[in-house]
Amino acid sequence: MPMLDVTSANEIAADARVRANVVRLAAAQALTGANSAVIFATGAIVGATLAPDMSFATVPISMYVVGLAAGTLPTGAISRRFGRRAAFVIGTGLGALTGLLGSFAILRGSFALFCVATFLGGLYGAVAQSYRFAAADGASAAYRPKAVSWVMAGGVFAGVLGPQLVQWTMDVWQPYLFAFSFLVQAAVALVAMGIVAGVDMPKPAPADLHGGRPLMTIVTQPRFIAAALCGVIAYPMMNLVMTSAPLAMKLCGLSVSDSNFGIQWHIVAMYGPSFFTGALIARFGAPKIVAAGLLLEAGAATIGLSGITAMHFWATLIVLGVGWNFSFIGASALVLETHRPQERNKVQAFNDFLVFGMMAIGSFSSGQLLANYGWSAVNMVVFPPVVLGLAVLSLVSWARRRKAQLEAAMGEFPDAV
């Protein structure tokens, strides 16, 4: 009994520290979200203005996604060697550089330089993606999904801050549309730097730097394969539709304000459910929430195929955001079940590398899809991966339940199994 009391007290103390970190990381998530919101709301439009050909319009956003993929493994390595806080500060510094370089590129009319700026924004985004996993460091098993979910909830404010930042600042330096928006985004990144510098995450112990199972052993677990595959489907499919939407709206005769409104509510829908997604995962289990999210993404594509009015675009983006929230947070919770504490940085970084690497491939194809085949083709692409994800998730969940039933039967009736 005394040992149980000590264990319980340690868990309570650990969760108290985690809660303090969650507050800071949620605030940082809100401010970091302004980085991605500015890029996604303006990238295709600026790209269409600066690019030598219309089909290259979404390349700046694709470079952002390449940055996301390229930054995941270095983020994990820096976190293992110097601690998560060092990685967070470096990331926010890259965010400030993104804004400064993006503004300069627009003023100079340089497409290549603008692509470099969005690539740096992707590196910043890669660091920010680790906030959700960092929130669970040291938390009890029961609190981990909630910690992940609450940090993601900070993105709700990003959904308001980012597009409004664009709306308020896009015309300040006429005729250089969005130039001042990127300058303000740099200032927001510096504020985020001050917040993450106070996160209570000590450097890893020397024993943790080389501990744990080999990476290949971990990532070949059926549970990890299902989690990573669902993340690989959920995020890239959402990104494919979201990347194309602003430019598709412009091509359909809708205004930049309509586009900003759609992106704003899309981001709110992406992060708003996070206030209760963790509780849903705790109640129903991560696989069911992931499945619900994937079905919602398919539903969003169906809406996108049904019309091209502003309301159709807005509804598509909102349903898409909710679907992403359920599927991505659920997949992240599944990843947390596959590794030990000393294995977390390498496993989480590898998972994000898979997700954002696939996103990079999808992003480069989105501009070609939209330019050559239209908005309908972008939506049609969503369905096959969603079906695949649901099939694999169902198979792994069934196998897990079957194994548990056999183990229970063996324990009760050893001679019968």
Side-chain angles (χ1 to χ4, degrees), residues 68-69 71-77 79-80 84 126 129-139 141-142 144-145 147-149 151-152 208 210-238 277-278 281-282 284-294 297 324-362 385-404 406-407:
L68 276 175
T72 51
L73 297 181
T75 296
S79 298
R80 285 196 303 275
R84 290 207 193 259
Q129 287 297 329
S130 68
Y131 293 169
R132 73 190 194 279
F133 288 131
D137 283 1
R144 281 176 205 153
V148 173
S149 185
V151 168
M152 297 296 286
D208 289 345
H210 306 289
R213 297 165 292 172
L215 181 62
M216 190 57 62
T217 300
I218 301 167
V219 301
T220 52
Q221 300 173 93
R223 193 77 162 173
F224 180 87
I225 293 171
L229 179 65
C230 289
V232 161
I233 292 169
Y235 215 138
M237 290 303 101
M238 181 278 293
T277 305
I281 292 171
F284 299 106
K288 291 181 180 178
I289 302 305
V290 174
L294 292 175
E297 289 198 3
W324 173 86
N325 181 278
F326 284 3
S327 53
F328 189 63
I329 293 180
S332 298
L334 282 175
V335 170
L336 292 174
E337 297 175 7
T338 65
H339 62 74
R340 299 166 185 167
Q342 66 268 33
E343 299 163 348
R344 60 178 178 260
N345 286 318
K346 64 182 179 183
V347 175
Q348 294 162 8
F350 182 74
N351 173 76
D352 282 356
F353 175 74
L354 294 176
V355 171
F356 300 121
M358 187 58 66
M359 272 181 67
I361 296 171
V386 166
V387 171
L388 174 63
L390 290 171
V392 172
L393 187 65
S394 299
L395 180 62
V396 171
S397 296
W398 175 84
R400 187 178 177 89
R401 287 194 302 270
R402 178 65 175 160
K403 181 180 178 182
L406 288 173
E407 289 176 348

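- The minimum heavy-atom distance between Pro236 and Gly231, with the atom names listed, is CD-O, 3.5 Å.
- Between Val335 and Ala227, the shortest heavy-atom distance links the atoms CG2-CB, 3.8 Å.
- Residues Thr220 and Met216 approach most closely at OG1-O, 2.8 Å, considering heavy atoms.
- In terms of heavy-atom proximity, Ala234 sits nearest to Ser327 at CB-OG, 3.1 Å.
- Rounding to the nearest 0.5 Å places CE of Met358 at 9.0 Å from CD1 of Ile233.
- Within the model, atoms CD of Glu297 and CG of Asn325 stand 10.5 Å from one another, a figure rounded to the nearest 0.5 Å.
- Looking at residues two or more places apart in sequence or on another chain, you find a ring-ring contact (aromatic ring centres under 6.0 Å, His included) between Phe356 and Tyr235.
- Between Phe353 and Ala69 the shortest heavy-atom distance is CD1-O, 3.5 Å.
- Contact of the Phe224 side chain with the Val347 side chain is registered, since non-hydrogen atoms from C-beta on lie closer than 4.5 Å.
- Applying the side chain to side chain contact (heavy atoms under 4.5 Å, CB included) test between Leu388 and each of Val392, Val386, Leu390 identifies Val392 as the sole match.
- Minimum heavy-atom separation, Gly330 to Ile281: CA-CD1, 3.9 Å.
- Put simply, OG1 on Thr338 and CZ on Arg223 are 9.5 Å apart, with the number rounded to the nearest 0.5 Å.
- We find the CD1-OG1 distance between Ile289 and Thr277 to be 7.5 Å, quoted to the nearest 0.5 Å.
- With contacts defined as side-chain heavy-atom distances shorter than 4.5 Å, the pair Leu393/Leu334 qualifies.
- One finds the OG1 atom of Thr72 at 12.0 Å from the CD atom of Gln348 (value rounded to the nearest 0.5 Å).
- Looking at Thr75 and Arg84, their side chains never come closer than 4.5 Å, going by heavy atoms from C-beta outward.
- Looking at His339 and Lys346, their side chains never come closer than 4.5 Å, going by heavy atoms from C-beta outward.
- To the nearest 0.5 Å, atoms CG (Leu68) and CD (Gln129) are separated by 6.5 Å.
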